[in-house]
2 protein chains.
Amino acid sequence: MSETSREWPRPKIRPRKAEVRNDQIFETAARLFYEKGYAATSLQDLANAVGLQKGSLYYYIDSKKDLLFAVTDYAHTFFVELTQNAEAEGGTPLQTLERMLYQHARFAAEHFHVTAAFYNERSALSDEYQERIVATRDAYEASLRRLVRSGQEAGEIAADLDPRLAVFGVLGMLNWIHQWYRPGGELTPSEIAAALSRQAVRSLLPRTDAD
Amino acid sequence: MSETSREWPRPKIRPRKAEVRNDQIFETAARLFYEKGYAATSLQDLANAVGLQKGSLYYYIDSKKDLLFAVTDYAHTFFVELTQNAEAEGGTPLQTLERMLYQHARFAAEHFHVTAAFYNERSALSDEYQERIVATRDAYEASLRRLVRSGQEAGEIAADLDPRLAVFGVLGMLNWIHQWYRPGGELTPSEIAAALSRQAVRSLLPRTDAD
DNA sequence: ATGAATTTCTGACGATCGGTAGATCGGACG
DNA sequence: CGTCCGATCTACCGATCGTCAGAAATTCAT
């Protein structure tokens, strides 16, 4: 369905240091932040999980906050690029919309640890970074709303929908994935993304028969 | 649209003690848990917010955990009763479904502080209580899935939908409300609930024209 | 085998946390 | 006026937190 799906490099918490440990710490931190929340996850927990002493973590990280930043920024970067590539590839507004929602949903499933932290732990980040995240989120939502309005003008999308509410609705469908998705189930992230983005689009279509 | 909407009494953190302070502490705690998360909210924060000394809080509460329990249980009780009243009032499966989603959405908007804590801070609760919450959630989702299947058999709902995924989708639309709703906006919780439950139902309808 | 570089451990620090005990305040009531 | 009691404050405890400096261990090229 989409070939815009390359793999994202792990953010380097500290460049040039042991890559394996770096990745392990990043992924374990994301998982713990997801399971217990950022504030409730102690560096002792993280050290135990990766098999290091608490102090040894500081060879790889600068602070606990920077660790959350690394996790959060992984999702942040995704949404920045998704917004930038929004209008590419052409097609009708509805087709463009479904393409974006599909990519969004697939990322949300494949990286549900990161996505959960991105949405739940924003308040623990620095004020400046919070503002950047909010700006990115607003730009992303605005581009979705623009597509909804274009679709309404083209008659592809139900005219009686409030674009703001409708976008919140479809975003909720996708951003809820991390609450229930677990790898190893019957469906792959791609299949889930295809089904949910299709259902989301369905919620926007005009009714063809009487109500 | 629904007259099942009575007001819910504040849970008594400690009965017979000054009600005003009780309510104030409950609501402030819910707001702080929502804003900063349970673990990141110190009793000092709460004491400052209500204008008391930290130690004085223990005249009203038994522990910090019990405070989260009180907040969480407010939402938990709602879902228990919503599940129990699911099949009442009659109507087609789709009508019953929309009625439940409407009530769900309205609660999510009116009590978005509580709802956010209910979904985000589950891991901070005792294991036994977590199990009760999960059981309630599963029963609720099962009753929604049952309605979707009945609707599919009756031809009201698109037959090609996976009931599990479809229910997760509509629940996401509603449970995402606390991320964007703020009181004082243009729309009331009732209006938001009406629009979103309608959009959710739309996402389930069979397409009448070709695809 | 040697030495440098990388990785990990030890042990401590100041701060903050949830929680407790006892003193204090002020109004109600006899 | 004295007593009582609900409500609040003050002061403190032990535990845990994130962080750091420096030593120890390990790895690796030469």
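Source: prediction; values computed, not measured. Order of the sequence lines sets the chain letters (A, B, ...), proteins ahead of strands, with each chain counted from 1.
- We find that OH of A:Tyr60 is positioned 12 Å from C1' of C:dC9, with the value rounded to whole Å.
- With rounding to whole Å, B:Gln53 atom CD is found 5 Å from D:dT10 atom P.
- Inspection of the B:His104 and B:Tyr140 side chains reveals an N or O donor paired with an N or O acceptor under 3.5 Å.
- Interatomic distance, CZ of B:Arg31 versus CG of B:Leu46, reported as 9.5 Å (0.5 Å rounding).
- Phosphate contact (OP1/OP2 of D:dC9, side-chain N/O of B:Tyr59, threshold under 4.0 Å): absent.
- Residue A:Arg21 places none of its side-chain N or O atoms closer than 4.0 Å to OP1 or OP2 of C:dT6.
- Between A:Ser56 and C:dC9, a side-chain N or O to OP1/OP2 separation shorter than 4.0 Å is present.
- Residue B:Tyr58 places its side chain closer to C:dG19 than to any other of C:dG19, D:dG18, C:dC17.
- When the nucleotides D:dT19, D:dT8, D:dC9 are ranked by their closest atom to the side chain of A:Ser63, D:dT19 comes out on top.
- Checking each of B:Phe79, B:Tyr74, B:Phe78 against B:Phe118 for a side-chain contact (heavy atoms from CB on, under 4.5 Å) leaves exactly one that passes, namely B:Phe79.
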Q: Under the salt bridge (Lys or Arg N to Asp or Glu O under 4.0 Å) rule, what do B:Arg164 and B:Asp138 come out as? Steps first, then yes or no, please.
A: CA-CA 11 Å; B:Arg164 197 184 317 260; B:Asp138 289 348; over 6 Å; no
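- Closest approach to the B:Leu52 side chain among D:dT19, D:dT8, C:dG19 is made by D:dT8 (side chain taken as heavy atoms from C-beta onward).
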